[in-house]
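Excluded from the calculations below are hydrogen atoms, water molecules and symmetry mates; all remaining heavy atoms, backbone and side chain alike, are included. Owing to the predicted nature of the structure, the values given are computational and were not obtained by experimental measurement.
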Amino acid sequence: MTRTVRFHEIGGPEVMRLEDVDPGQPGPGEVLIRVEAIGVNRAEALFRSGTYIEPVRKLPARLGTEAAGVVEALGPGVNRFEKGQAVSVVPSFSANDYGVYAERAVVPASALVHRPDGVDAVTGAAVWMPYVTAYGALVEVGGMRAGDTVVLNAASSGVGLGAVHTANRVGATPIAVTRTRAKARRLLDEGAAEVIVAAETDVPERVLALTGGRGAEFVFDAVAGPAVAELARAVAPGGTHFLYGGLSGRPFAYPGFDLGMPAWNLRTYTMLETTRDPERLRRAAAFVTSGLRGGAFRPVIDRLFPLEEIVQAHRHMDSGDQFGKIVVTVPAGAS
């Protein structure tokens with residue numbers, strides 16, 4: 001038996017319980033890992049509250065798709081890993097099928113990447129969602145390159161900061177958008193070329209001014225809702241507006257169609273486009289690993305919580321006060 005976070009009803013953070021559950025043995029194509037650290041993501045809060053893009057199929061349900069740990073057992077057909085190896089779990093599966101909020105967990109081998117030497121468990125649990133989401137959309141799909149400009153809202157989130165670092169690594173210019181001035185200085189310190197405070201400034205007008213009237217080649221939008229139509233004004237001709245989240249919780253507003261306006265692209269993106277494609281995941285893992293080794297990439301950790309405080313970790317995430325990634329640690333020797 002191993003301590004595992006489950007919820008028996010849809011609701012707020014308080015519905016999560018830490019229970020003794022048999023993790024089971026890995027089946028074909030699966031691996032059992034001893035979890036050392038867990039990356040906490042907004043998708044998990046949406047899933048337990050019943051507002052995620054994928055509904056909960058069965059209760060009690062588990063949570064968690066991002067973690068770092070050590071391989072304990074291999075299922076039939078798994079040959080890329082061996083017992084005792086340090087690995088990271090990359091979000092690539094349904095929360096209805098697997099969950100890593102636990103001391104030990106069975107996960108698909110296809111969701112594992114080797115943890116590079118020198119990368120500790122907290123880092124290994126914190127980098128994949130941010131950097132693979134940013135890389136997959138902006139580089140793999142969008143083709144972002146040196147000289148491009150990307151506008152990022154929700155810039156102080158883990159993914160937002162990962163996008164800032166990713167843009168800088170390829171020579172693009174990251175413009176961060178934040179609701180208030182409180183986080184502006186820290187965003188500049190993390191590499192944002194400019195910070196626009198949405199409560200004080202017309203965002204599209206400022207983007208156009210900063211780009212000489214051209215607009216941004218990319219808008220990386222975690223908020224969506226009514227502001228989509230407004231941000232469309234900031235996109236350069238032929239540019240792409242990626243929708244990868246819906247933090248506004250409000251209906252999507254499609255920009256008015258006008259044959260006279262420049263052509264631009266609007267598309268949704270989820271990390272699964274990258275992590276469920278073996279070749280894309282291979283390239284993403286190489287990109288992130290080289291960034292970690294070279295020092296261009298590093299997780300921005302907001303707070304650490306022990307597994308016993310998973311409810312408090314989710315309450316902190318729901319508050320919206322964090323800057324960077326929330327990570328849950330699992331004590332050594334837990335079983």
Exercise. For the hydrophobic clusters of this structure (ILVMFWY residues joined by side-chain heavy atoms under 4.5 Å, transitively), does one cluster hold both L18 and M317?
Worked result: yes
Q) With the 4.5 Å side-chain cut-off for hydrophobic clustering, are V159 and I326 part of the same group? A) no
Quiz item: Do the ring centers of F287 and F297 come within less than 6.0 Å of each other?
Solution: yes
Residues at least two apart in sequence or cross-chain that pass ring-ring contact (aromatic ring centres under 6.0 Å, His included) with F218, listed by chain then number, are none
Can you tell me if [X] uses its side chain to pair, donor with acceptor, with the backbone of [Y] under 3.5 Å?
X	Y	result
S319	H316	yes
S92	T275	no
D302	Q322	no
D221	L243	no
R115	G69	yes
T201	I196	no

Taking the side chain as C-beta and beyond, is there a heavy-atom pair between [X] and [Y] under 4.5 Å?
X	Y	result
E19	M1	no
V90	M271	yes
I38	L307	yes
E66	K325	yes
E14	R315	yes
L292	V288	yes
L32	P23	yes

The remaining residues in the hydrophobic cluster of V300, counting side-chain heavy-atom contacts under 4.5 Å among Ile, Leu, Val, Met, Phe, Trp and Tyr, are L161, L187, L188, V195, F323
For I301, the other hydrophobic cluster members (4.5 Å side-chain criterion, sorted by chain and number) are V122, L304, V327
Nearest heavy-atom pair of [X] and [Y]: which atoms, and what distance?
X	Y	value
F7	R62	CE2-O, 3.8 Å
T2	R104	OG1-N, 3.3 Å
M144	V150	SD-CG1, 4.2 Å
P26	L74	CG-C, 3.8 Å

side-chain hydrogen bond (donor to acceptor under 3.5 Å, both in side chains) filter on D22, not counting sequence neighbours, yields none
Review item, side-chain donor-acceptor pairs of residues 48-55, under 3.5 Å, at least two apart:
residue	atom	partner	partner atom	Å
R48	NE	H314	ND1	3.1
R48	NH1	G11	O	3.1
R48	NH2	H314	ND1	3.3
R48	NH2	D318	OD2	2.9
S49	OG	A45	O	2.9
S49	OG	L46	O	3.1
S49	OG	T51	OG1	3.0
T51	OG1	L46	O	3.4
E54	OE1	S94	OG	3.2
E54	OE2	S94	OG	2.5
E54	OE2	N96	ND2	3.0

Residue pairs passing the salt bridge (charged side-chain N to carboxylate O under 4.0 Å, His left out) test where at least one lies in [range], sequence neighbours excluded:
range	answer
residues 303-312	R3-E308
residues 141-162	none
residues 225-248	D202-R233

Exercise. Would you please test I310 and F305 for side chain to side chain contact (heavy atoms under 4.5 Å, CB included) and show each step?
Key: CA-CA 7 Å; I310 189 64; F305 291 85; over 6 Å; no
Sequence neighbours excluded, the answer for side chain to side chain contact (heavy atoms under 4.5 Å, CB included) partners of E273 is V141, R267, Y269, T270, R280
R282 meets the salt bridge (Lys or Arg N to Asp or Glu O under 4.0 Å) criterion, sequence neighbours left out, with E279
In short, ring pair (Phe, Tyr, Trp, His ring centres under 6.0 Å) pairs touching residues 53-95 with sequence neighbours left out are F81-H114, F93-Y98
Result block: side-chain N/O donor-acceptor pairs under 3.5 angstrom for residues 171-182, not counting sequence neighbours:
residue	atom	partner	partner atom	Å
R181	NE	E200	OE1	3.4
R181	NE	E200	OE2	3.4
R181	NH2	E200	OE1	2.7

- Let me see the working for R293 and D117 under salt bridge (Lys or Arg N to Asp or Glu O under 4.0 Å), right down to the final yes or no. CA-CA 9 Å; R293 285 174 173 158; D117 292 342; over 6 Å; no
